[in-house]
Amino acid sequence: MKKLVYIALASAAIFAASSCESFLDVDSPSTFDAATVFSNYDLAESTVFSISQSFGETNSYRGRYLPWIGLNSDIEWYNTYKPTDEKYQIAAYSLLPNNGQLNLENGPFAKMYEAVERANLCIEGIREYGKPEDNADMAYLLGEALTLRAFLYYDLIRAWGDVPARFTSITSESIYVPKASRDEIFKQLLADLDEAIPYLPNPGQTAATSRTDRVNKMFAEGLYARIALMASGYALRPEDGYVGTGDLGTVRLTSDSELQKSVLYPKALAYLRSAITSGTASLEDFETLWKNQSAMNNLTAGPGHEPLFVIPFSDGRGRWNYTFAVRTEGSSYGGGATVTRGGDAGPVPTMWFKYDPNDVRRDVTCVNWRWNKDDEKELPGIQKWYFGKYRFEWMTKKPYTGGNDDGVKPVVLRYADILLMAAEIANELGELSEAKDYLLQVRERAFKGHEELAERYVSSIGDKDAMFNAIVDERAFEFCGEMTRKFDLIRWNLLKDKMDEAITDMKNLRDLTGKFAGVNGLGGDVYYQASGDEIVIYGFNGETTPPQGAWEKKSGYFNKIVDTKGADTGLYDALVEGLYAVNPNERQFWPIFNTTLINSQGNIKNDYGYE
């Protein structure tokens with residue numbers, strides 16, 4: 001019989017070419033037979049936990065995948081324009097297979113396949129020895145492993161498009177395999193989730209599903225819908241039969257009859273309806289939701305809670321706030337006077353102005369101030385906005401004191417997305433009234449205290465096209481900073497169009513032309529008062545006269561400015577047009593990086609023009 005140590009050996013071999021790092025140090029159970037491990041719940045559970053270990057590896061989700069995969073879009077961008085910066089190149093669609101940030105032997109590609117292999121071994125072991133058909137606890141572990149594997153492949157496809165398909169544990173004969181059509185992978189993932197969902201309790205129904213770092217039924221149902229939307233949507237694809245040949249590809253829909261909307265959407269909507277009617281999750285107060293994330297109090301799932309699944313980082317792992325929180329320039333909120341953190345990316349400068357003033361999401365999501373070394377807030381300039389959902393000062397459970405990891409657990413899926421996916425799919429299936437009901441729930445939370453505005457807006461939506469456009473806008477307002485927008489735009493075939501629109505909007509904001517011409521309060525000057533952790537900004541909300549009293553004045557705040565050294569600041573053309581450096585429709589996916597290509601024994605090749 002196989003020893004459990006085979007998990008480590010097989011995982012190491014999966015992309016031997018991609019990583020020479022040893023991993024999965026499971027000291028105690030490693031001496032047992034696979035039959036012993038996978039017939040015992042506690043031992044089998046600890047082995048399933050090994051799948052999640054790969055998320056926190058240094059160059060996996062923690063430090064390389066999560067900070068960059070969602071950039072850039074029409075609502076989010078990398079906050080530094082520097083064409084020679086390899087991080088900028090990732091965000092601006094100009095990265096190459098030798099990119100120093102991602103061309104790593106222990107990078108996200110290798111680590112995600114490490115986790116896939118661990119999932120394969122768990123699935124095989126539980127099926128063979130755990131008797132999941134007779135044991136609900138073992139069935140849960142099987143469902144968890146199937147769901148985690150589906151999530152990993154969903155993220156692999158988001159990053160690389162077509163990738164190798166590995167749904168059985170590797171042998172010496174199957175170490176090296178070429179890329180497979182993503183359509184075949186999609187069908188396997190959907191079948192796996194069909195199997196897994198009945199095994200999984202809803203949020204809050206068991207000890208395991210009361211935690212957001214464990215899998216529950218509603219997360220699996222939502223993941224099914226996400227995969228269905230991706231599989232049936234637009235994307236850059238090689239021609240059929242030419243995956244892994246260097247094909248340039250075109251942006252198109254799948255030709256697979258099993259992945260059409262007419263096939264996938266009815267089942268996806270049925271799962272989302274099941275999730276909604278279960279009553280085991282709900283929308284929370286918007287600001288409280290994000291305070292809880294930074295405070296690391298988002299681990300509880302069940303009725304009254306919104307997060308459904310989070311990246312299972314340990315309390316001392318992960319670089320989410322470190323990367324995305326409101327910028328600190330040496331304040332005590334950023335680890336001390338010599339430490340600067342956060343603000344690597346933020347909303348595009350026009351995003352704040354697109355929200356309705358009564359939308360509570362606006363000031364939580366879009367922040368145009370940062371912390372200075374005196375622990376006071378200051379204005380950095382119109383070109384620098386930060387994701388206000390993520391703040392060091394909200395880290396009360398584990399205050400941030402510097403270092404490369406903050407322990408914040410990013411939300412993968414929350415209940416608002418269940419509602420908005422249900423609205424989108426119901427609308428596509430001709431159920432406009434049902435779609436409006438789901439949209440209204442999200443909109444009413446956003447307009448807390450002004451619910452009548454939400455009701456008026458939703459009731460004015462008269463047809464399918466109007467509802468689709470409303471959903472496109474609503475997902476921007478709801479999920480800005482959560483790095484899902486890029487993938488929404490890809491599947492809608494709106495990526496370049498919406499990014500071009502964002503470029504035009506930024507120039508119009510700078511020049512106070514187009515939709516920003518004659519807007520009250522946007523006269524070019526901005527005033528602010530800051531005292532301690534308070535700041536009042538005057539000039540964004542339709543004010544028409546200068547304020548009275550002692551205010552700091554920022555003249556020409558919206559305009560292109562040349563500083564004393566002759567350098568461009570503000571929304572200058574190169575910065576704005578640098579939202580993408582290469583046509584994003586031709587670079588929707590990352591290349592397979594050189595370390596993997598070289599060590600794949602010629603089995604893996606790049607498509608999309610990278611080769």
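The figures that follow rest on heavy atoms only: side chains count, while hydrogens, waters and symmetry mates do not. These numbers were taken from a predicted model, which means no experiment stands behind them.
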For [X] and [Y], work out which heavy atoms get closest and say how close.
X	Y	value
L269	A422	CD1-O, 3.9 Å
N585	V251	O-CG2, 3.7 Å
L439	E474	CD1-CG, 3.6 Å
L200	G143	CD2-C, 3.8 Å
R166	V116	O-CG1, 3.6 Å
P238	D162	CD-OD2, 3.3 Å

In sequence, state the C-alpha distance, the side-chain angles, and the governing distance for T254 and F186, and then conclude on side chain to side chain contact (heavy atoms under 4.5 Å, CB included). CA-CA 11 Å; T254 179; F186 282 140; over 6 Å; no

Regarding [X] and [Y], is there a side-chain donor-to-acceptor distance under 3.5 Å anywhere?
X	Y	value
N298	T212	no
Y199	E195	yes
T323	D344	no
W352	D363	yes
S181	E184	no
S255	D240	yes

When you check the gap from the basic side-chain N to the acidic O, do [X] and [Y] get nearer than 4.0 Å?
X	Y	result
R158	D155	yes
E455	R443	no
R445	E306	yes
K267	D194	yes
D607	K179	yes
R237	D247	no
R62	E57	no
D183	K187	no
D192	R149	yes
E133	R127	no
R456	E452	no
E424	K436	no
E114	K111	yes
R475	D417	yes

Test N321 against S294 for side-chain hydrogen bond (donor to acceptor under 3.5 Å, both in side chains), laying out the working first. CA-CA 8 Å; N321 276 19; S294 284; 3.2 Å; yes

Give a yes or no answer on whether the side chain of [X] reaches the backbone of [Y] with a donor-acceptor pair at less than 3.5 Å.
X	Y	value
T280	P303	no
T245	Y242	yes
Q188	I185	no
R391	G388	yes
S73	I75	yes
S94	I90	no
N427	L432	no
R118	S50	yes
K389	C480	yes
T209	T206	yes

Name the orientation class of the two ring planes belonging to W160 and F109 (parallel below 30°, tilted from 30 to 60°, perpendicular beyond 60°). perpendicular

Hey, can you tell me if Y78 and W68 have their rings parallel, tilted or perpendicular (30° and 60° cut-offs)? perpendicular

Is the number of heavy atoms from other residues, nucleotides or ligands within 6.0 Å of CZ (F49) greater than 12? yes

So with a 6.0 Å cut-off around CZ of F447, is the heavy-atom count from everything else above 12? yes

Take E586 and L236 through the side chain to side chain contact (heavy atoms under 4.5 Å, CB included) test and state the conclusion after the steps. CA-CA 7 Å; E586 297 174 359; L236 181 63; 5.5 Å; no

Tell me, with the steps shown, if L420 and E478 meet side chain to side chain contact (heavy atoms under 4.5 Å, CB included). CA-CA 10 Å; L420 289 180; E478 182 69 25; 4.2 Å; yes

E76 vs R485, test: salt bridge (Lys or Arg N to Asp or Glu O under 4.0 Å). Steps then yes/no. CA-CA 8 Å; E76 303 146 334; R485 181 65 168 182; over 6 Å; no

Can R273 and E434 be said to form a salt bridge (Lys or Arg N to Asp or Glu O under 4.0 Å), step by step? CA-CA 10 Å; R273 286 169 173 163; E434 182 180 2; 2.8 Å; yes

Could you tell me if the ring centre of [X] sits under 6.0 Å from that of [Y]?
X	Y	result
W320	Y390	yes
Y610	W590	no
Y93	Y580	no
F55	F313	no

Quick one, D213 with K409, criterion salt bridge (Lys or Arg N to Asp or Glu O under 4.0 Å). Give me CA distance, side-chain angles, the key distance, then yes/no. CA-CA 9 Å; D213 54 359; K409 298 161 181 60; over 6 Å; no

Working for side chain to side chain contact (heavy atoms under 4.5 Å, CB included), residues V411 and R414: CA-CA 7 Å; V411 176; R414 53 189 178 90; 4.0 Å; yes

Is the shortest side-chain heavy-atom distance between S274 and M218 below 4.5 Å? no

